[in-house]
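Working notes, structure below.
The analysis underlying the following values was restricted to heavy atoms, covering all of them including side chains, and did not include hydrogens, waters or symmetry mates. Counting begins at 1 with the first residue of the sequence.
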Amino acid sequence: MNAPARPADPPPWTLTVAEASARVARGELSPPALLESVLARIEATNDRVHAYIRVAAAQAREAAAHAQAEIAAGRWLGPLHGLPFAVKDTYDVAGLPATAASRLRLDHVPAHDAALVARLKSAGAVLVGKLATWEFGTGNAGEYFDLPFPPARNPWDLARLTGGSSTGAGAAVATGMAGFTLGSDTTGSVRLPAAGTGTVGMICTPGRLPLDGILPNCWSLDIPGVFAWTVEDCAIVLDTLLGPRDAAGHPAASLRRSVGGSIAGARIAVVDDPGAGSPRPDAPLERGFEAALAVLESLGATLIRVRLPVPAAECLAATRMIGPAESASIHERELVEHADRMGFALRDKLLAGSLVRAVDYLAAQRLRRTVADGIDTLLRGFDALVTYGTLHLPPIAGVEPETSAFTVDTMYTPFNLSGHPSLSQCTGFAGGLPLNWQIVGNRFDEASIIRIAAAYEAATPWRRERAQP
């Protein structure tokens with residue numbers, strides 16, 4: 001009698017960073033085999049999702065072969081050695097165009113890697129390609145289908161918005177077209193597409209990660225961020241990027257060690273009201289939020305309802321003075337000389353920023369100090385704060401006012417202004433679309449965010465299947 005057939009192993013692209021890393025380290029999976037699985041996934045999926053602007057297959061194969069040789073020779077560099085990743089096309093990669101999805105930069109080929117790309121390459125990670133973004137990594141919150149590359153689609157429903165501006169970074173992770181990705185966040189541009197695509201998106205305390213080699217959008221608010229499928233994966237990547245000391249000189253304790261830690265006794269502030277000027281969250285998001293809070297309580301956390309010191313809508317108004325004005329100052333020459341070659345969203349934002357009065361910009365910066373001091377005071381005595389991420393489910397792309405509302409009706413901007421680390425996480429699904437919330441930490445306490453997010457993730461089933469567009 002024949003023995004029953006063993007189920008086939010899942011393809012390597014389905015592995016988390018932690019799983020793939022362990023198999024590579026044990027010699028059970030080679031970096032070239034892992035890469036070929038990811039490239040096959042890109043081949044099968046990207047023509048519908050449009051996460052990648054450019055796939056650097058030849059360079060990636062060379063890097064994977066080199067990683068395999070180094071590991072075989074006993075020179076294993078750490079948990080990202082041989083693992084594939086991709087970056088938003090606002091990041092410089094030596095020898096590859098950094099277009100930022102703009103006609104103005106189609107021929108821009110950097111000579112050097114962005115600092116974070118260089119760190120990942122030094123750790124043996126394998127760059128697969130460059131990812132879709134809104135033009136210059138910014139815009140006016142709308143999607144107009146007028147750029148040289150198609151917009152990334154939401155892999156849970158291809159008609160819907162991913163969120164911006166790190167559009168491809170979220171879509172690539174959600175579909176397994178990359179183990180992890182890098183994006184950048186000014187007023188939510190990592191956490192918003194993470195929310196829209198059901199992935200984990202995290203930004204650290206400003207200054208902990210360098211911005212060198214990333215196209216600037218807003219000098220005073222820009223911050224890099226990481227996308228991954230699980231909280232542990234996010235922690236592994238951040239441990240590598242932060243190194244023993246971060247860009248601000250602070251000792252960087254391992255975030256991965258926080259995964260699996262108990263949250264019994266943790267004191268968590270809960271903001272369940274965006275405040276005056278913002279709509280209530282969509283009903284599925286409210287239900288998902290309350291259900292997620294119940295999970296934290298079941299794990300032993302103490303939840304205390306609080307309010308933000310400044311409503312989210314006022315924080316948004318401040319960023320609409322600061323962001324466009326700084327973008328206009330950075331890109332004034334492009335606007336003056338080449339406005340006709342820009343997409344509508346970028347041109348509209350830069351023109352609006354050019355009209356911001358100095359007195360209004362300075363008033364917004366003063367409000368920013370008030371927000372930062374108020375949230376510092378609010379978080380005193382708490383391990384973290386949880387609140388909504390987006391207030392709406394991902395809408396049909398290009399349909400207004402829903403597209404813009406998804407982008408601006410969020411709880412992200414208060415923490416961009418205040419400079420606190422935060423993470424977006426999937427809290428379930430409604431009608432096939434991901435739900436989300438946001439976990440915010442005290443400055444330089446990314447570890448508490450990871451510990452709480454990982455505990456929630458371990459107690460829920462939302463990481464079992466990736467998107468199948």
So [Y] and [X], do their side chains get closer than 4.5 Å, heavy atoms only?
| X | Y | value |
| --- | --- | --- |
| T390 | L192 | yes |
| M411 | L308 | yes |
| R287 | L435 | no |
| S448 | D445 | yes |
| Q425 | I439 | yes |
| T319 | N416 | no |
| R54 | P97 | yes |
| L161 | E143 | yes |

Taking ring-ring contact (aromatic ring centres under 6.0 Å, His included) as the cut-off, I'd like each qualifying pair that reaches into residues 178-228, sequence neighbours left out, listed once.
F85-F180

By the ring-ring contact (aromatic ring centres under 6.0 Å, His included) test, which pairs, at least two apart or in different chains, include something from residues 136-171?
F136-H331, Y144-F344, W156-F429

Backbone N or O of [Y] within a donor-acceptor pair of the [X] side chain at under 3.5 Å?
| X | Y | result |
| --- | --- | --- |
| E135 | L346 | no |
| T230 | D233 | yes |
| S327 | P324 | no |
| D222 | I214 | no |
| Y91 | G183 | yes |
| T407 | T403 | yes |
| T186 | L221 | no |
| D282 | L393 | yes |
| N436 | T427 | no |
| S418 | A372 | no |

Partners of [X] by salt bridge (Lys or Arg N to Asp or Glu O under 4.0 Å), sequence neighbours excluded?
| X | value |
| --- | --- |
| R41 | none |
| R366 | none |
| D185 | R191 |

Can you tell me if [X] has over 12 outside heavy atoms packed within less than 6.0 Å of its [atom1]?
| X | atom1 | answer |
| --- | --- | --- |
| H112 | NE2 | no |
| D47 | CG | yes |
| E465 | CD | no |
| Q365 | CD | yes |

Locate the shortest heavy-atom distance separating [X] from [Y]; write the atom from each residue and the value.
| X | Y | answer |
| --- | --- | --- |
| G95 | V109 | C-CG1, 3.6 Å |
| D383 | A266 | OD2-CA, 3.4 Å |
| V259 | A235 | CG2-CB, 4.4 Å |
| I450 | L255 | CG2-O, 3.7 Å |
| D89 | A98 | OD1-CA, 3.6 Å |
| T197 | A174 | O-CB, 3.5 Å |

With sequence neighbours left out, what residues match I396 under side-chain contact (heavy atoms from CB on, under 4.5 Å)?
A159, R160, V399

side-chain contact (heavy atoms from CB on, under 4.5 Å) with A313: which residues, sequence neighbours excluded?
S278

Nearest 0.5 Å please: distance from the [atom1] atom of [X] over to the [atom2] atom of [Y].
| X | Y | atom1 | atom2 | answer |
| --- | --- | --- | --- | --- |
| D239 | E232 | CG | CD | 10.0 Å |
| E337 | L104 | CD | CG | 10.0 Å |
| W437 | S422 | CH2 | OG | 13.5 Å |
| D376 | N442 | CG | CG | 7.5 Å |
| L80 | K121 | CG | NZ | 14.5 Å |
| L131 | T167 | CG | OG1 | 8.0 Å |

All ring pair (Phe, Tyr, Trp, His ring centres under 6.0 Å) counterparts of Y412, not counting sequence neighbours:
none

Considering residues at least two apart in sequence or located in another chain, which fulfil the ring pair (Phe, Tyr, Trp, His ring centres under 6.0 Å) criterion with F289?
Y388

Suppose the criterion is salt bridge (charged side-chain N to carboxylate O under 4.0 Å, His left out): which pairs have a residue in residues 269-279, not counting sequence neighbours?
D272-R305, D273-R280, D273-R307

Pair listing, salt bridge (charged side-chain N to carboxylate O under 4.0 Å, His left out) test, anchored in residues 342-352, at least two apart:
none

Verify whether one side chain among S220 and E326 offers a donor that lies under 3.5 Å from an acceptor in the other.
yes

Answer yes when R119 and D113 have at least one side-chain N-carboxylate O distance shorter than 4.0 Å, and no when they do not.
no

Please step through side-chain contact (heavy atoms from CB on, under 4.5 Å) for the pair I268 and T302, ending with a clear verdict.
CA-CA 6 Å; I268 301 175; T302 298; over 6 Å; no

Test side-chain contact (heavy atoms from CB on, under 4.5 Å) applied to Y52 and K130, step by step:
CA-CA 6 Å; Y52 280 84; K130 308 295 291 294; over 6 Å; no

Can you tell which of R257, R451, R208 makes a salt bridge (charged side-chain N to carboxylate O under 4.0 Å, His left out) with E446?
R208

Determine, step by step, whether V440 and I449 satisfy the side-chain contact (heavy atoms from CB on, under 4.5 Å) criterion, reporting the C-alpha distance in whole Å, the side-chain angles of both residues, the deciding distance to 0.1 Å, and the verdict.
CA-CA 7 Å; V440 182; I449 297 175; 5.7 Å; no

Report the C-alpha distance between S102 and M342 in whole Å, list the side-chain angles of each, state the deciding distance to 0.1 Å, and finish with yes or no for side-chain contact (heavy atoms from CB on, under 4.5 Å).
CA-CA 7 Å; S102 176; M342 292 179 177; 5.7 Å; no

Going by the side chain to side chain donor-acceptor pair (under 3.5 Å) test, which pairs reach into residues 172-184, not counting sequence neighbours?
K88-S184

